[in-house]
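Taking it in order: structure first as structure tokens, then the write-up.
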Amino acid sequence: MKKFLDEFKAFALKGNMMDMAVGVLIGGAFSALVTSLTENIINPVIGILFKADFSEVVLHLPFDINLGIGAFVSAVINFLILALVLFLMLKGMNKLLTLGKKEEPAPEAPEAPKAPTQEELLAEILAELKKRNGEQ
């Protein structure tokens, strides 16, 4: 049992695990901020067009079916804002990581053999012609 507890302690207190826990907590708090932004600022502005709170806009269909279009669009807006912010954060973190790394010079590739010059090609052609003429 002691070995199990020691292994769990090592796992739980690793830096990556603690970083992930902090990330989850901050993400939850940020999600609440984005939801508040959508519900309290964006929905009322969009709701001006519908003369009602946008999150409460419902499409009434036959057979007493109600589609909560406003609530769905609000959820999509929340998702898009969160995705944009996460994208920008990751892009910034990647930029910071690349700034910290020194670029190592690429190893030099061996030089390709040089192509023959025009004079050398002509000399080969002449030698081949002389060889053919001498054989005839």
Side-chain angles (χ1 to χ4, degrees):
M1 184 68 163
K2 182 167 175 38
K3 184 179 177 185
F4 174 78
L5 291 175
D6 289 340
E7 288 177 9
F8 179 73
K9 181 180 175 185
F11 168 76
L13 297 180
K14 277 186 180 176
N16 292 342
M17 183 65 143
M18 297 304 286
D19 292 344
M20 187 177 72
V22 169
V24 168
L25 291 174
I26 290 175
F30 186 73
S31 176
L33 285 174
V34 171
T35 300
S36 177
L37 170 74
T38 304
E39 289 176 357
N40 298 319
I41 296 175
I42 295 174
N43 283 348
V45 171
I46 296 174
I48 293 172
L49 299 173
F50 294 95
K51 297 180 183 167
D53 183 11
F54 183 66
S55 61
E56 296 177 7
V57 172
V58 176
L59 184 62
H60 300 287
L61 298 177
F63 307 110
D64 292 330
I65 297 173
N66 297 322
L67 298 178
I69 299 295
F72 176 73
V73 172
S74 296
V76 170
I77 291 170
N78 281 349
F79 170 77
L80 292 175
I81 292 171
L82 283 170
L84 175 67
V85 170
L86 287 174
F87 171 75
L88 294 175
M89 285 175 55
L90 288 173
K91 191 169 176 73
M93 290 296 292
N94 288 337
K95 183 71 173 177
L96 288 174
L97 290 174
T98 58
L99 288 177
K101 291 183 181 177
K102 292 182 181 178
E103 288 187 27
E104 296 180 15
E108 293 184 20
E111 288 187 28
K114 294 184 179 179
T117 63
Q118 288 183 348
E119 290 81 14
E120 292 171 338
L121 290 173
L122 286 173
E124 286 180 25
I125 292 171
L126 287 173
E128 185 69 29
L129 288 174
K130 285 181 184 179
K131 190 177 184 183
R132 286 184 187 172
N133 286 339
E135 292 178 1
Q136 291 178 346

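Every heavy atom of this structure was used, including side-chain atoms; hydrogens, water molecules and symmetry mates were not. What you are looking at is a predicted structure, and each value in this text was computed from that prediction instead of being measured.
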Quiz prompt | Transitive ILVMFWY cluster of I125, excluding itself - 4.5 Å side-chain cut-off | solution = L129
Exercise. Give every residue pair that meets the salt bridge (Lys or Arg N to Asp or Glu O under 4.0 Å) criterion with at least one member in residues 116-127, sequence neighbours excluded.
Key: none
Quiz item: Just wondering, more than 12 heavy atoms not from E128 lying within 6.0 Å of its CD?
Solution: yes
Would you be so kind as to tabulate the donor-acceptor pairs closer than 3.5 Å made by side chains of residues 77-88, with sequence neighbours excluded?
{"residue": "N78", "atom": "OD1", "partner": "T38", "partner atom": "OG1", "Å": "2.3"}

Quiz item: Does one hydrophobic cluster hold both V73 and I65, with members joined at side-chain heavy-atom distances below 4.5 Å?
Solution: yes
Quiz item: Do L90 and L99 belong to the same hydrophobic cluster, where Ile, Leu, Val, Met, Phe, Trp and Tyr are linked whenever their side-chain heavy atoms lie under 4.5 Å apart, directly or via other members?
Solution: no
Quiz item: Should L37 and F30 be regarded as members of a common hydrophobic cluster, given that ILVMFWY residues are connected when their side-chain heavy atoms come within less than 4.5 Å of each other, either directly or indirectly?
Solution: yes
Quiz item: Do the side chains of M89 and V34 join up, straight or via other hydrophobic residues, at under 4.5 Å, putting them in one cluster?
Solution: yes
Quiz item: Can you check side-chain contact (heavy atoms from CB on, under 4.5 Å) on L67 and L61, steps first, answer last?
Solution: CA-CA 8 Å; L67 298 178; L61 298 177; 3.5 Å; yes
Exercise. Say whether V57 and L59 are linked into one hydrophobic cluster, either directly or through other cluster members, by side-chain heavy-atom distances under 4.5 angstrom.
Key: yes
Quiz item: Can you tell me if T98 uses its side chain to pair, donor with acceptor, with the backbone of N94 under 3.5 Å?
Solution: yes
Quiz item: Checking S74 side chain against G70 main chain: does a donor-acceptor pair fall under 3.5 Å?
Solution: yes
